[in-house]
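Take a look at the structure set out below.
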There are 2 protein chains.
Amino acid sequence: MEQELHTIKRTDETDDILLAALKLFAEQGYFNTSLTDIAKAAGLTTVSSIYQSFNNKQAIAIKLNDMIFDSLNVSIDDIRRRNQKASEQLRSFVNLLFKLTDEAPNIMRFLLVMQTNEFIPQQKPLLETPAFTKVVKIMQAGIRAGEIRNIDPLLATGFFLGVINNTLRMVLSGELEKNADAYQPQAWLAAWNLIAKKSTCF
Amino acid sequence: MEQELHTIKRTDETDDILLAALKLFAEQGYFNTSLTDIAKAAGLTTVSSIYQSFNNKQAIAIKLNDMIFDSLNVSIDDIRRRNQKASEQLRSFVNLLFKLTDEAPNIMRFLLVMQTNEFIPQQKPLLETPAFTKVVKIMQAGIRAGEIRNIDPLLATGFFLGVINNTLRMVLSGELEKNADAYQPQAWLAAWNLIAKKSTCF
DNA sequence: GTCTATACGCCGATAGAC
DNA sequence: GTCTATCGGCGTATAGAC
C-alpha cells in the first residue's frame, strides 16, 4: 500500500478518501477521476459522504499536496540535521527519493509527473517549493565549502535533480524495468559527479 | 508566434484551430480548455465550425501530437544524416531542443511537460516514441564507436536527457530567468560529460 | 450523520435552417 | 458551409428525509 501516505496513520475515513484519491489521481489523472470514482475506491456507499471531510474535489488534492510536501520538508530538515557535508546530505536525500519511488510510487508520481498547477493554481514549480529550496540551500553551502563546483546553485540543482528525477520518472512509467533502487548507485554517481568539484573521471 | 508549428505553413482555418489549441493546451492544460475557448482563440464565430475540421476534441490533440513528433522525427533523421559522430549528432539535437524552447515554447511544453497520456491513452512515454528511440540508437552507436561510456544505452539517454530536459523545463516554467539558449553551453557540457568516455575534468 | 434524490452548470456533440 | 438552437450526459454539489 501507499506506505500510509508515508507517515500519516490511517485512522478514519478521511484517510481512506485521501489514499483512494492519491491512487486514482496518480494513475489516471485528476481530471479523469470523478468523486464517484474516489468514493467507490474508498469503500464509501455514497458520494455525499466525501463532503463530510472535504468541501470540494480540489480540497482533496490540496490536502494531499500539503501532506506530501510537509512530510518531505520534515525529512529534509532531518537529513540536514543528521549530516554535515553537502555530499552526505544530498546522498541521503537521493536515497529517500529512490526509496519512496519503490515504496510509495503514487506519492512520487504526485511529486514528479502530475501537473498539479492545472488544478491547484497557486502551486509553484518544484524548485520553488519550501522543501526543494532547501536542496538549493544545500547546494549553496556545498559550493561555499568547496565540495561543489562554483556554478549557479539553482542551475546545479536543476542538473542534479534532472538526472535523479528523470531516472525515477522512467522507473515510474515503466521505461526502466527494474525497481528504482537498482539504479540508485549509478544515478547517484552520475548526478554527484555532475556537480562535484573533484569529479571521478572514467 | 509558434513558428508555424515549426514547419507547417498556416493555410486555412484548420491550422488556426491547431495553433490556438496548442497555445491553450500548453498554457492551461487540455482539460481546462473547452472547445469554446479554442474557437474563440482561433477567431471562429462558432464552436460548430471546429467540427468541419475535426471529429472531436481529442482529434485536435492527436493531430497536434502527430505533427510535433513527426516534425521532430524528420529533424532527427536529418541530424543523423548530416553528422557522423555521436557527439556531433547529440550536439545538434540538443541545439534543436534549445532553439525550439525559445522559438516555440508551447511545442516544448507539449513535448516535455504535458501529460498527454491522460487524454491520448495510446500515447507512449517519451523515450519509447519513434523520435526519441533514435536518440537511444545514437547512444548505442556512440558506445560501439568508443565515444560514449559502456553503460545501458537507455539509462545513458535518461541521464543525458534528464539534464537537458530539466533545464528546459525550468526555463519554460520561469524558474530560470534567461532564455534557454543562455544555458545551452553549460547544459550541453554537463550532459555530454555525463556519458562521454573521456570526460573533461574540472 | 447517513443516504436518496435531485438540482444545476458546463461541455461535447448534433440537427437542421438558411 | 455557416450559424442557431438544442440535446444529452456527466460530474459537482446540495437539500432534505430518515
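Source: prediction; values computed, not measured. All chains are named by letter (A, B, ...) in the order of the sequence lines, taking the proteins before the strands, and each is independently numbered beginning at 1.
Ile50(B) has its CD1 atom 11 Å from the C1' atom of dA13(C), to the nearest Å. One can place CG of Leu44(A) at 16 Å from C1' of dT4(C), the figure rounded to the nearest angstrom. In this structure, the CZ atom of Phe31(B) is 11 Å from the P atom of dG12(C), given to the nearest Å.
Remark: Thr45(A) is in phosphate contact with dC3(C), judged by side-chain N or O atoms under 4.0 Å from OP1 or OP2.
No side-chain heavy atom of Thr46(A) sits under 4.5 Å from any side-chain heavy atom of Tyr51(A).
The pair Lys40(A)-Asp37(A) does not meet the salt-bridge criterion, since no charged nitrogen lies less than 4.0 angstrom from a carboxylate oxygen. For the pair Asp77(B) and Arg80(B), the salt-bridge criterion is not met [side-chain N within less than 4.0 Å of a carboxylate O].
Between Phe160(A) and Trp188(A), the ring-plane angle classifies as perpendicular under the 30° and 60° cut-offs.
One finds the CG atom of Asn165(B) at 12.0 Å from the CG atom of Asn165(A) (value rounded to the nearest 0.5 Å).
Applying the ring pair (Phe, Tyr, Trp, His ring centres under 6.0 Å) test to Phe132(A) and every residue at least two apart in sequence or in another chain returns Phe93(A).
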Please tabulate, one pair per line, each protein N/O and nucleotide N/O from nucleotides 11-15 of chain D that are separated by under 3.5 Å, including the distance.
residue : atom : partner  : partner atom : Å
dT12(D) : OP1  : Leu35(A) : N            : 3.4
dT12(D) : OP1  : Lys57(A) : NZ           : 3.3
dT12(D) : OP2  : Leu35(A) : N            : 2.9
dA13(D) : OP2  : Tyr51(A) : OH           : 3.1
dA13(D) : OP2  : Lys57(A) : N            : 3.1
dA13(D) : O5'  : Tyr51(A) : OH           : 3.4
dT14(D) : O4   : Ser48(A) : OG           : 3.0

